[in-house]
Amino acid sequence: MKSFNEKVYEKLKKVPKGKVITYKELAKSVKSDAYRAVGNAMKNNEDPVKIPCYKVVCSDGFVGNYSGGGMKKKIKLLRKDGIEVNNNKIDLKKYLFKAQDIM
DNA sequence: GGAATGACATTTA
DNA sequence: CTAAATGCCATTC
């Protein structure tokens, strides 16, 4: 039985390079609205190597938090993926990956 | 079973 | 618009 976070990881791994997804959309992708639980899954970070958790951002485009060095590290990783980050925020208009796009 | 926690989201003042 | 308060779901103790 896959745990909720396992499913979240699966979806997160399907996010293409150069794109980001919000906690809410990610939760929707697993047929739930538990964006809180999603954040918990990232925090627990069972597979930090296989899970690009840095692609997960807040609904308003704010980068939010990150375990692995802080937001600064997260932003750096995002930029490395070709994503523009302005004032710790991302252009969801350009880089937001929707849950339905995963399906 | 119940209380507490969290890398958020939405609403209200 | 900014700030604060409330709600949210799943997990863990």
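Computed over heavy atoms, backbone and side chain alike; hydrogens, waters and symmetry mates excluded. Letters go in sequence order (proteins before strands), and every chain restarts at 1.
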Could you state the atom-to-atom distance from CG of N45(A) to P of dT11(C) in whole Å? 16 Å
Taken to the nearest whole Å, NZ/K28(A) to P/dA9(B) is 11 Å
Figure out the CD/C1' separation between E25(A) and dA9(B), and round it to whole Å. 12 Å
Out of dA7(B), dA9(B), dC9(C), minimum distance to the side chain of A37(A) belongs to dC9(C)
Rounded to the nearest angstrom, tell me the gap between atom CG in N40(A) and atom P in dG6(B). 8 Å
Base, sugar-phosphate alone, or nothing: which one does K24(A) contact when heavy atoms must sit under 4.0 Å apart? sugar-phosphate
Under 4.0 Å, counting only non-hydrogen atoms across every strand here, what does A34(A) touch: a base, just sugar-phosphate, or nothing? sugar-phosphate
Please report the closest heavy-atom contact between A41(A) and N5(A), naming both atoms and the distance. CB-CB, 3.1 Å
In whole angstroms, the gap separating P of dT10(B) from CZ of F62(A) amounts to 16 Å
Using a heavy-atom cut-off of under 4.0 Å over every strand shown, decide if Y66(A) touches base, sugar-phosphate, or nothing. base
In whole Å, I'd like the distance from the CE atom of M42(A) to the C1' atom of dA7(B). 9 Å
Under-4.0 Å side-chain N/O to phosphate OP1/OP2 contact, S59(A) with dA9(B): yes
Check whether the side chains of D81(A) and Y95(A) place a donor and an acceptor atom closer than 3.5 Å, and report yes or no. no
Measure the distance from CG on D60(A) to P on dC1(C) and round it to the nearest whole Å. 12 Å
Would you kindly give the NZ-to-P distance between K31(A) and dC9(C), to the nearest whole Å? 17 Å
For N44(A), report the nucleic acid contact type (base, sugar-phosphate, nothing); a contact means any heavy atom under 4.0 Å. nothing
Gap separating the CD1 atom of I21(A) from the NZ atom of K11(A), nearest 0.5 angstrom: 9.5 Å
Considering non-hydrogen atoms only, spot the tightest contact between N88(A) and F62(A) and give its length. O-CD1, 3.3 Å
Tell whether Y23(A) reaches the base of dA9(B) with its side chain through a donor-acceptor pair below 3.5 angstrom. no
Comparing Y35(A) with F4(A), nearest DNA chain C nucleotide closer to 5' gives the residue Y35(A)
Under 3.5 Å, is there a donor-acceptor pair between the side chain of K55(A) and the main chain of V15(A)? yes
